[in-house]
Asks: 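Mind looking over this structure? Questions follow.
So you know, we letter chains A, B, ... as the sequences are listed, proteins then strands, and number each from 1.
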Amino acid sequence: MAKTYDYLFKLLLIGDSGVGKTCVLFRFSEDAFNTTFISTIGIDFKIRTIDLDGKKIKLQIWDTAGQERFRTITTAYYRGAMGIMLVYDITNEKSFENIKNWIRNIEENASADVEKMLLGNKCELEEKRQVSKERGEQLAIEYGIKFIETSAKASIRVEDAFFTLARDIKAKMEKKLKEASNPPKGHQLRASEPQKKPTSWLSRCSLL
Amino acid sequence: MDDIVGDKNAKFKELYNQDGVFLRQAGEMYTPMFGCTGSLYLWEHISDAESKPEVPSRFLEWRPQDFVELKTALDEGSEEWTLIESVKKRCRTSSGNMVKDFLNSIGNLNVCFSNIKSLRCSKHDVLTTFYDGSCELLASFVFPTSESREHFLGTIQAFVRLQPTRRDKSLFIVYDAASPGFKDLEKSFAALDLKTDSSFWSLLKNIKSNPYEKSMEAFAKVTGYVYNSVDDEEHYMAQDDLQRSISEIGDDASAYAVYDIPNCLPMRVDYPRCNPLTREQWRAQLNGEGQLEDVESIKTLIFRGGISPDIRRVVWKFLLGYYPWDSTEKERHALDISKMESYYKIKMQWTTFSKEQEDNFSDFSQRKSLIEKDVNRTDRVLDFYAGENNYNIFSLNNILLTYLLYNFDLGYVQGMSYLLSPIYMLLRCEVEAFWCFVGFMKQVMSNFDYDQNAMKEQLKSMYLLVNFIDPQLSKYFEDHECANMYFCFRWLLVWYKRELQQDEVARLWEVLWTGYPCKNFHLLIGVAILEHERDALMGDNNGFTEILKFINELTGKLDINLMINHAEGIYHQIKDADHLTDAVRNILGIPVAEASGLQSKPEDDRSPRKGVSEPDEIEFEKSIYSNFLSSSTGRLVFLFRP
Ligand SMILES: Nc1nc2c(ncn2[C@@H]2O[C@H](COP(=O)(O)OP(=O)(O)OP(=O)(O)O)[C@@H](O)[C@H]2O)c(=O)[nH]1
Ligand SMILES: [Mg+2]
């Protein structure tokens, strides 16, 4: 069977229970919002193939259970993830505070150079907001990752979020491929070094 | 058998005599006579004051034909005892009285009637097979005509009762109508909805076409090979033959599986599901006090067929420990009241929290919000829980909050709302649903432990079970990074709740709540599913992701009755397997004695068995006695093993 895509990216959604991971994923893969959603037990994934700068990219997006208790099981699926969406609920302070724990969790279980992104979901619920946009941005800067506020329900910037993450992974991958084909002369760059730096959106794009 | 009659002077009356009976199979010592035709007799001892107690009251005798011919000749001529040659063996005969030497002649096949514990009457032909208490074959005859067999069966029913087994209508348990244990068994079979009073013949004639029967025929071929063959190649041929015969069965063939010879499991036996427990059956078990007379029969019925929806409300309360099984009507009334009181006492503890109290009690308020999020995502597609401001969702919330305070150490963990939903939907009463949920949680509490060790343990057990019954599949999982069986996590955490419709969940759970036929039967349900889907799982070089996807997408596609049926078959295969390991035995809680192999005699292991196993298990085994019998089919398969 012919390959129907150029790249396959494995992405992961993590964050507290009820922040809307499954809804975000459903919005992205099905372009719908379902109010009768079911909580995630264990792990599941969805697939969507997107077009990115002329390349077909198959996104395999894993959705995990949010409750901390199940982490021992869910972290088994972190391995091999190329991008991770850290999701919190802007109407829930606690879910935002827990992002720190989720980051630690990633550091312990995922590969070091995984692309990360912070998502503040349910952003259409302005009247119930507990976490300001600024605090979200601040936290993202602290960790050197990108940040977007989304709403699965009102379909706000969900596409953006996934496309951004996918583009960053693609850029990183193509850069690696280039380095592999003409290795840098003179001083050797450690492969993981550049990725650890918070690179801006623009600088990434210019590499393409 | 050789020394059947110790008393030289014992006198016997002939109850039955038929010429032209073909000996198909019997104990090994009779091998030279397999395939010979002869006469079948049934003798009854005429007791008198002098007769010794060792003399059996009845026995079957089969004499090869040429012997009979000689005897007839002798009858006409000499009155003297004569030595004759018959079928390579020397034997002596006399006309007239039975004497020891005569009976001991190896040329005759003697079966003490009291040793016959079951018999099989094939409806397709006139093959009739007798088994002893350990399901070992005693003798297998082909009658010349169906009338001659009818006559035989009619004769023996003068002193024994033939009880068809529930699962295999051509297999009959032979009860000595005079034995004291008979009444008990009769009762437990009555509970199994068997027509104990209907005549043997109407039952036999009503037998529906039975795939098991066919497999028995196939099996008979195999045993033929076993007895005759000397080299391995022929063993394989026999296996092929068996496979072919099974494939001829048609659609039902999938219920049978023949495994690689090196790890040969006993043949899979089909244990058909039965009708659900009815209101009438339930009522019939209640005595004047409203107390259940025979709990084990009721549980057996539930295990075999579930509960009919109109009495689920009552029976679940017993299954989930809301009412003790031995409670009287009066006691239950008292329980209703006390349980209501204690429920509201616990509930009051959280309903009276002030806002400040809650704010200062973050462990509570966090869990509270988790519960709220979860009940709003629990079975909302069902009408019962659908829509905004649904009162039933509100009740789920109340029950889970009350449980939170009832068991704060455990708290609330995701998944619990799914365990409650079917219970509340059935009972529609907060108090009853709460206590029944408490009962269910007692069984599955460890699934929600913080360390998740119990879940990991179960997943590991699942792997071991798959490995035991289908090593090829477990190897596949191992080679594809799935040996941790995490893809079964959801199945086990909430007992397949997310894979099934609400009525299917109810059926599965009530079956599992009986605790029959073994510990951790819910794991065997999963094993049955995996085995059922094995080709799809291993197809297309599926890896870790494809397997997870495949399993997650089985939701709504499972035939749960079929899976229960397969799981039971698998259980018996495992239990009777020759190579049963301690690890597997421990998972299913199979006592060591229960797992005895070919060698042990039933007399040796049955009495200690009572000591080891739970009384429940013994009752269960007794009431489905046919299990013992059908396992005989498997035992002979062991003979393949090189
Ligand atoms: N208002 C609003 N509600 C949302 C949004 N996204 C999700 N929700 C609601 O939030 C609740 C939880 O959503 P899920 O997607 O199931 O949450 P999750 O993160 O997958 O939770 P777990 O599976 O338990 O880890 C649901 O009741 C959704 O209806 C959103 O953008 N806006
Ligand atoms: Mg989810």
Side-chain angles (χ1 to χ4, degrees), chain A residues 1 8-12 15-23 25-26 29 33-47 58-81 89 91-95 97-98 121-122 128 130 152, chain B residues 362 365-367 369-382 385-388 390 410-418 421 447-453 455-456 459 481-482 484-494 497-499 540 543-546 548-549 551-553 555:
Chain A
M1 205 175 74
L8 169 71
F9 292 169
K10 179 177 168 180
L11 309 181
L12 194 67
D16 279 8
S17 175
V19 297
K21 300 179 294 295
T22 304
C23 288
L25 179 54
F26 197 67
S29 63
F33 182 80
N34 195 336
T35 41
T36 62
F37 245 103
I38 49 175
S39 66
T40 309
I41 291 182
I43 190 140
D44 206 349
F45 70 88
K46 289 238 178 310
I47 298 221
K58 183 171 166 181
L59 300 177
Q60 184 187 80
I61 309 162
W62 293 74
D63 180 21
T64 59
Q67 194 159 16
E68 197 188 351
R69 199 156 310 214
F70 301 129
R71 268 185 219 171
T72 44
I73 307 288
T74 52
T75 48
Y77 292 84
Y78 286 18
R79 201 166 33 104
D89 171 357
T91 70
N92 184 326
E93 172 75 33
K94 186 79 195 161
S95 73
E97 286 168 20
N98 272 340
N121 191 40
K122 307 196 189 179
K128 286 194 185 161
Q130 288 184 358
Chain B
S362 61
S365 49
Q366 270 169 32
R367 290 166 186 193
S369 80
L370 197 55
I371 290 174
E372 198 181 303
K373 271 179 199 138
D374 273 9
V375 295
N376 280 307
R377 293 183 290 171
T378 303
D379 287 332
R380 297 305 294 279
V381 288
L382 302 175
Y385 291 119
E388 292 289 295
N390 185 318
L410 178 67
Y412 174 78
V413 186
Q414 276 188 302
M416 280 162 59
S417 67
Y418 290 104
S421 152
N447 284 7
F448 300 97
D449 277 350
Y450 200 84
D451 58 18
Q452 287 288 289
N453 282 344
M455 282 302 295
K456 287 181 198 156
L459 292 165
E481 299 173 271
C482 292
N484 61 21
M485 307 293 276
Y486 281 177
F487 54 87
C488 302
F489 181 82
R490 192 168 77 193
W491 291 0
L492 304 183
L493 187 81
V494 292
K497 157 69 187 148
R498 287 279 291 266
E499 332 303 314
D540 297 332
F544 164 84
T545 28
E546 289 81 7
L548 180 90
K549 193 174 173 62
I551 296 287
N552 280 351
E553 286 174 359
T555 299

Asks: What orientation do Tyr486(B) and Tyr77(A) show, parallel under 30°, tilted 30 to 60°, or perpendicular over 60°?
Replies: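 The arrangement is tilted - the two ring planes meet at 30° to 60°.
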
Asks: Do you know which of Leu493(B), Asp451(B), Val413(B) has the most heavy-atom pairs with chain A at a distance under 4.5 angstrom?
Replies: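 Winner by heavy-atom pair count: Val413(B).
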
Asks: Look at atom CG of Asp540(B) and say whether more than 12 heavy atoms of other residues, nucleotides or ligands are closer to it than 6.0 Å.
Replies: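 Incorrect, the count does not exceed 12.
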
Asks: Can you find a heavy atom in the side chain of Glu481(B) that is under 4.5 Å from one in the side chain of Arg79(A)?
Replies: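 They are in contact (side-chain heavy atoms under 4.5 Å apart), so the answer is yes.
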
Asks: Around Glu93(A), counting heavy atoms of other residues, nucleotides and ligands shown, do more than 12 lie under 6.0 Å from its CD?
Replies: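 Result for CD/Glu93(A): enclosed.
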
Asks: Contact part of Gln452(B) toward chain A, heavy-atom cut-off under 4.5 Å: side chain, backbone, both or neither?
Replies: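 The answer is the side chain of Gln452(B).
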
Asks: Heavy-atom distance under 4.5 Å to chain A: side chain of Tyr418(B), backbone, both or neither?
Replies: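 For Tyr418(B), the contact with chain A is made by the side chain alone.
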
Asks: At a heavy-atom separation under 4.5 Å, does Arg498(B) approach chain A through its side chain, its backbone, both, or neither?
Replies: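 Contact with chain A is through the side chain of Arg498(B) alone.
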
Asks: Nearest 0.5 Å, please: how far is NZ in Lys456(B) from OG1 in Thr72(A)?
Replies: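 Atom-to-atom, Thr72(A):OG1 and Lys456(B):NZ are 4.0 Å apart.
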
Asks: Quick one: pull up CG in Asn552(B) and NZ in Lys46(A) and give me the separation to the nearest 0.5 Å.
Replies: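 Between Asn552(B) CG and Lys46(A) NZ, I get 9.0 Å after rounding to 0.5 Å.
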
Asks: At what distance, to the nearest 0.5 angstrom, does CD of Gln67(A) lie from CZ of Phe448(B)?
Replies: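 Between Gln67(A) CD and Phe448(B) CZ, I get 9.5 Å after rounding to 0.5 Å.
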
Asks: Quick check for you: to the nearest 0.5 Å, what is the distance between Ile41(A) atom CD1 and Lys497(B) atom NZ?
Replies: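 The NZ atom of Lys497(B) is 10.0 Å from CD1 of Ile41(A), to the nearest 0.5 Å.
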
Asks: Let me confirm one number: the CD1-OG1 distance from Ile38(A) to Thr555(B), rounded to the nearest 0.5 Å.
Replies: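 Going from the CD1 atom of Ile38(A) to the OG1 atom of Thr555(B) covers 7.5 Å.
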
Asks: Do Ser17(A) and Arg377(B) touch side chain to side chain, with heavy atoms closer than 4.5 Å?
Replies: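 Sidechains of Arg377(B) and Ser17(A): in contact.
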
Asks: Nearest 0.5 Å, what's the NZ-OG1 distance between Lys10(A) and Thr545(B)?
Replies: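 Here the interatomic distance stands at 7.5 Å.
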
Asks: Could you tell me which portion of Asp16(A) (side chain, backbone, both or neither) has an atom closer than 4.5 angstrom to a non-hydrogen atom of chain B?
Replies: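 Interface part for Asp16(A): neither.
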
Asks: On a heavy-atom basis, which atom in Gly18(A) and which in Lys373(B) lie closest, and how many Å separate them?
Replies: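 Closest pair (atom of Gly18(A), atom of Lys373(B), distance): CA-CD, 3.6 Å.
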
